Amino acid sequence: MKPRTVLGAAMLALAGSLAAAPSPAGDTSHAVVAARQASMKEMAAASRALAEMFDGRRAYEPAAFKAAADTLSTRAGAALIAEFPSGTLGAPSGAKPEIEQARPEFEALARHLGRLAGALDAKAKSAPAGITADMRMSGLPMDGGSLLGKRPGAVEADPAKLPAEHLLHLILQDCSSCHSKFRQKQQ
Ligand code: HEC
């Protein structure tokens, strides 16, 4: 066989496969959507594990507690934002196309979640053998002051001062706030 014929055949085959392949953009966004949905499911499993440990429906294990807090912290913030690039929003995904027009708000929510999850993760690194009173929302803070503080925003300034259980409640609020605004029923 002449070399030129072989090359020609290879080019033809390549052209054919390129034409038959789905558009690279469609392919990518499908993978991106699947990946972010998997991340979200992991965050859901992690927050459920933490909530159940606090509720006593699941045995508290320092290692599992740490792992769940780590999952939340790793997947929130910048990582979460990166999972919603332009061109991957709207149907058939559960991400509303409005995210594109409301980037600052969407990203602020993701970063807020990131700060809370980061604070929880930092506390979890030294998770004690059993749940202690100071991890509880109902536990008295060290300084004897109000958990919520008198000034709005005071708490937000330093999530590290909040008990782990309280951080978890605020985290769950962030999940709901974002979903109610930016998540739609999947098709
Ligand atoms: C900044 C916005 C935002 C935050 C914060 C957020 N989510 Fe989501 N979540 C979304 C969007 C948008 C979707 C839809 C994604 C899609 O289908 O492409 C989603 C989807 C989900 C899903 C469905 C995944 C699937 O399989 O379809 C679960 C479960 C979920 N989120 C859990 C959580 C939990 C738990 C938290 C908090 C720890 C959280 N999310 C925080 C925006 C957010």
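In this text the structure is predicted, and so the values were computed from the model without any measurement. These values consider heavy atoms only, across backbone and side chains, with no hydrogens, waters or symmetry-generated copies. Atoms within each ligand, like the ligands themselves, are counted from 1 in listed order.
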Next on the checklist: Using a 4.0 Å cut-off to any heavy atom of Ser93, which atoms of ligand 1 qualify?
Outcome noted: 17 (O), 18 (O)

Next on the checklist: Heavy atoms only, cut-off 4.0 Å: how does Leu72 contact ligand 1, side chain, backbone, both, or neither?
Outcome noted: side chain

Checklist entry - To the nearest 0.5 Å, what is the distance between CG (Asp174) and CZ (Arg115)? => result 9.0 Å

Item to check | Residue, atom name and distance, where the atom is the protein heavy atom closest to atom 11 (C) of ligand 1 | outcome: Phe84 CZ, 3.7 Å

Next on the checklist: Going by side chain to side chain contact (heavy atoms under 4.5 Å, CB included), Glu107 matches just one of Ile81, Leu80, Ile99. Which one?
Outcome noted: Ile81

Checklist entry - Any side-chain heavy atom of Leu170 sitting closer than 4.5 Å to one from Leu113? => result no

Item to check | atom 8 (Fe) of ligand 1 reached by Cys175 (N, O or S, under 2.8 Å) | outcome: no

Next on the checklist: Return the closest protein heavy atom for atom 15 (C) of ligand 1 as residue, atom name and distance.
Outcome noted: Arg36 NE, 3.8 Å

Checklist entry - Any side-chain heavy-atom pair from Glu42 and Arg75 closer than 4.5 angstrom? => result yes

Checklist entry - To which protein heavy atom is atom 25 (C) of ligand 1 closest, and what is the distance rounded to 0.1 Å? => result Gln37 CB, 3.6 Å

Next on the checklist: Considering non-hydrogen atoms of the protein only, which is the closest contact for atom 1 (C) of ligand 1, and what is the distance?
Outcome noted: Cys178 SG, 2.7 Å

Checklist entry - Roughly how far, to the nearest 0.5 Å, is CZ of Phe84 from CZ of Phe106? => result 4.0 Å

Item to check | Ser47: numbered ligand 1 atoms lying under 4.0 Å from its heavy atoms | outcome: 35 (C)

Checklist entry - Nearest to atom 32 (C) of ligand 1 by heavy atom, His179, Met43, Arg183: which? => result His179

Next on the checklist: Are any of the N/O atoms on Ile171, whether in the backbone or the side chain, positioned under 3.5 angstrom from an N/O atom of ligand 1?
Outcome noted: no

Item to check | Test item: Leu172 and His169 side chains (from C-beta on) under 4.5 Å apart, heavy atoms | outcome: no

Checklist entry - Which of the numbered atoms in ligand 1 are below 4.0 angstrom from a heavy atom of Phe182? => result 12 (C)

Item to check | Within reach of ligand 1, part of Phe106 (heavy-atom separation under 4.0 Å) | outcome: both

Item to check | Glu83 vs Arg36, salt bridge (Lys or Arg N to Asp or Glu O under 4.0 Å): CA-CA, chis, key distance, verdict | outcome: CA-CA 6 Å; Glu83 287 185 310; Arg36 76 173 167 236; over 6 Å; no

Checklist entry - Short N/O distance, under 3.5 Å, between Lys41 and ligand 1? => result yes

Checklist entry - Does Gln186 approach ligand 1 within less than 4.0 angstrom via side chain, backbone, both or neither, non-hydrogen atoms only? => result side chain

Checklist entry - Taking NZ, NE, NH1 and NH2 as the nitrogens, is one of them in Lys66 or Glu61 under 4.0 Å from a carboxylate oxygen of the other? => result no

Checklist entry - Counting from 1, what ligand 1 atoms have a heavy atom of Ala44 closer than 4.0 Å? => result 29 (C), 35 (C)

Checklist entry - Which atoms of ligand 1 sit under 4.0 Å from any heavy atom of Gly94? => result 14 (C), 16 (C), 17 (O), 18 (O)

Checklist entry - Looking at side-chain heavy atoms only, is the closest gap between Phe54 and Met137 below 4.5 Å? => result no

Checklist outcome for this item: Atoms of ligand 1 under 4.0 Å from any heavy atom of Leu113, numbered from 1 in the order shown, are 5 (C)

Checklist entry - Between atom OG1 of Thr71 and atom CE of Met43, what is the distance when rounded to the nearest 0.5 Å? => result 10.0 Å

Checklist entry - Of all the non-hydrogen atoms in the protein, which one sits nearest to atom 28 (C) of ligand 1, and at what distance? => result Met40 CB, 3.6 Å

Next on the checklist: With rounding to the nearest 0.5 angstrom, report the CZ to NZ distance, Arg48 to Lys41.
Outcome noted: 11.0 Å

